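What's counted below: heavy atoms across the whole structure, side chains too, no hydrogens, waters or symmetry copies. Predicted, not measured: the structure shown is a model, and the values here were computed from it.
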Amino acid sequence: MLTVHAADAVIGAPDGADSVAVDGGAVVAIGRYAELTAARPRARVRRWSGLITPGLLNAAAPALLEAAYHPDPREADEHGTEPLTGDALTALGMDDARWGASARRGLQRMLRHGTTAVRGPFTRPAVRTAVARSGLRVHAPGPAPEAASLDPLASVPEPADAFAAELTVGGPADLAVFDVPDLAALRTEGAGRCTATVLGGRLVFRRS
């Protein structure tokens with residue numbers, strides 16, 4: 001469906017651009033809200049506070065999904081809510097089914113941080129299946145950050161270093177929205193300020 005996403009600014013776009021028009025899975029226009037909506041009077045409009053950026057790349061995904069367990073909310077009393085690693089992970093006696101369920105929860109947490117792409121490789125079949133079904137883009141193996149974090153911005157000097165791809169007309173409609181006034185605030189506050197994630201034109205996360 002033709003949709004115009006409007007915010008205070010679009011990062012990586014010409015000065016003054018505050019909106020992105022998306023049709024299906026592709027970006028069809030980037031510019032000022034008034035111009036985009038005038039040219040597309042039937043478009044659905046989603047208004048956001050803050051910044052629209054390209055979706056983020058989590059380069060630590062193999063460690064987060066294959067060397068950590070993301071507890072089910074029903075396990076919070078026993079295991080807490082943060083990913084388990086090391087001895088705590090070993091004590092769980094993980095099997096394929098549990099790895100798959102953990103990966104699905106981990107991927108959902110990544111979406112809540114504006115992630116639209118992950119860096120591979122993934123060696124566990126259950127994790128590979130979860131990643132494939134999530135729709136997240138999978139990038140080729142490359143350098144991994146020293147510390148794995150659900151926040152892709154935690155391991156890079158500048159937010160732009162974590163952008164999965166440039167935001168261009170004709171490119172994939174992979175967007176993240178952050179409730180911050182500028183890139184300096186995003187760098188300071190991190191991807192936990194994500195309020196929406198759009199993957200292939202679909203709104204896959206929206207903070208309530």
**Prompt:** Would you call the rings of W48 and H5 parallel, tilted or perpendicular, where under 30° means parallel and over 60° means perpendicular?
**Reply:** parallel
**Fill in**
CE (M94) and CG (L84) are apart, to the nearest 0.5 Å, by 9.0 Å
**Asked** Is the closest basic N to carboxylate O distance between R32 and D18 below 4.0 Å?
**Response** no
**Prompt:** Going through the checks in order, is the side chain to side chain contact (heavy atoms under 4.5 Å, CB included) test met by I30 and L36?
**Reply:** CA-CA 8 Å; I30 304 171; L36 266 58; 5.8 Å; no
**Message:** Could you report the tightest heavy-atom contact between C194 and R112, atom names first, then the distance?
**Reply:** CB-O, 3.4 Å
**Message:** Whether R128 and E66 form a salt bridge (side-chain N of Lys/Arg under 4.0 Å from carboxylate O of Asp/Glu) is what I want to check.
**Reply:** no
**Request:** Compare every heavy atom of V118 with every heavy atom of L57, then report the nearest pair and how far apart it is.
**Result:** CD1-C, 3.6 Å
**Prompt:** Can you check whether V198 reaches R46 side chain to side chain, under 4.5 Å on heavy atoms?
**Reply:** no
**Message:** Nearest 0.5 angstrom please: R104 CZ to L65 CG, how far?
**Reply:** 12.0 Å
**L89 to Y69 - nearest heavy-atom pair and separation** = CD1-CB, 3.7 Å
**Fill in**
Looking only at heavy atoms, the pair that brings R109 and H113 closest together is O-ND1, 2.8 Å
**Exam field: side chain N58 to backbone T116, donor-acceptor pair closer than 3.5 Å** = no
**Item:** L2 with V27, same ILVMFWY side-chain cluster at under 4.5 Å
**Value:** no
**L203-L136 co-clustered via ILVMFWY side chain contacts under 4.5 Å** = no
**Item:** Atom pair CZ/OG1 of R42 and T37 - distance to nearest 0.5 Å
**Value:** 14.5 Å
**Request:** Not counting sequence neighbours, which residues clear salt bridge (Lys or Arg N to Asp or Glu O under 4.0 Å) with R187? List them please.
**Result:** E158
**Prompt:** Can you find a pair of side-chain heavy atoms, one from I52 and one from I11, that are under 4.5 Å apart?
**Reply:** no
**Asked** Quick one: does V22's side chain get under 4.5 Å of V28's, heavy atoms only?
**Response** no
**Message:** Holding to salt bridge (Lys or Arg N to Asp or Glu O under 4.0 Å), I want the full list of residues that pass it with D96, two or more places apart in sequence or in another chain.
**Reply:** none
**Asked** Got a second to check how far S102's OG is from D72's CG, nearest 0.5 Å?
**Response** 10.0 Å
For residues 163-182, tabulate all N or O donor-acceptor pairs below 3.5 Å that involve a side-chain atom, not counting sequence neighbours.
residue	atom	partner	partner atom	Å
D174	OD1	R137	NH2	3.1
D174	OD1	G200	N	2.8
D174	OD2	R137	NE	2.8
D174	OD2	R137	NH2	3.4
D179	OD1	S49	OG	3.2
D182	OD1	A184	N	3.3
D182	OD1	A185	N	2.8

**Message:** Any heavy-atom pair between the side chains of L150 and H70 that's under 4.5 Å?
**Reply:** yes
**Prompt:** Does D8 reach the main-chain N or O of G50 with its side chain, forming a donor-acceptor pair under 3.5 Å?
**Reply:** yes
**Note, F205 side chain near T195 side chain (heavy atom, < 4.5 Å)** = no
**Message:** Quick one: does any side-chain atom of T3 pair with a main-chain N or O of M1 as donor and acceptor, under 3.5 Å?
**Reply:** yes
**Message:** Can you tell me if D95 has over 12 outside heavy atoms packed within less than 6.0 Å of its CG?
**Reply:** yes
**Item:** Where P152 and T115 come nearest, the two heavy atoms and their spacing
**Value:** CG-OG1, 3.4 Å
**Request:** Measure across V138 and V131 and return the closest heavy-atom pair with its distance rounded to 0.1 Å.
**Result:** CG2-CG1, 3.6 Å
**Request:** In plain terms, say whether E75 and R98 are close enough for a salt bridge, that is, a side-chain N and a carboxylate O under 4.0 Å apart.
**Result:** yes
**Request:** Please answer whether the main-chain N or O of A140 pairs with a side-chain N or O of R119 as donor and acceptor at a distance below 3.5 Å.
**Result:** yes
**From D161 atom CG to L56 atom CG, the distance as rounded to the nearest 0.5 Å** = 11.5 Å
**Asked** Is any side-chain heavy atom of R44 less than 4.5 Å from a side-chain heavy atom of V4?
**Response** no
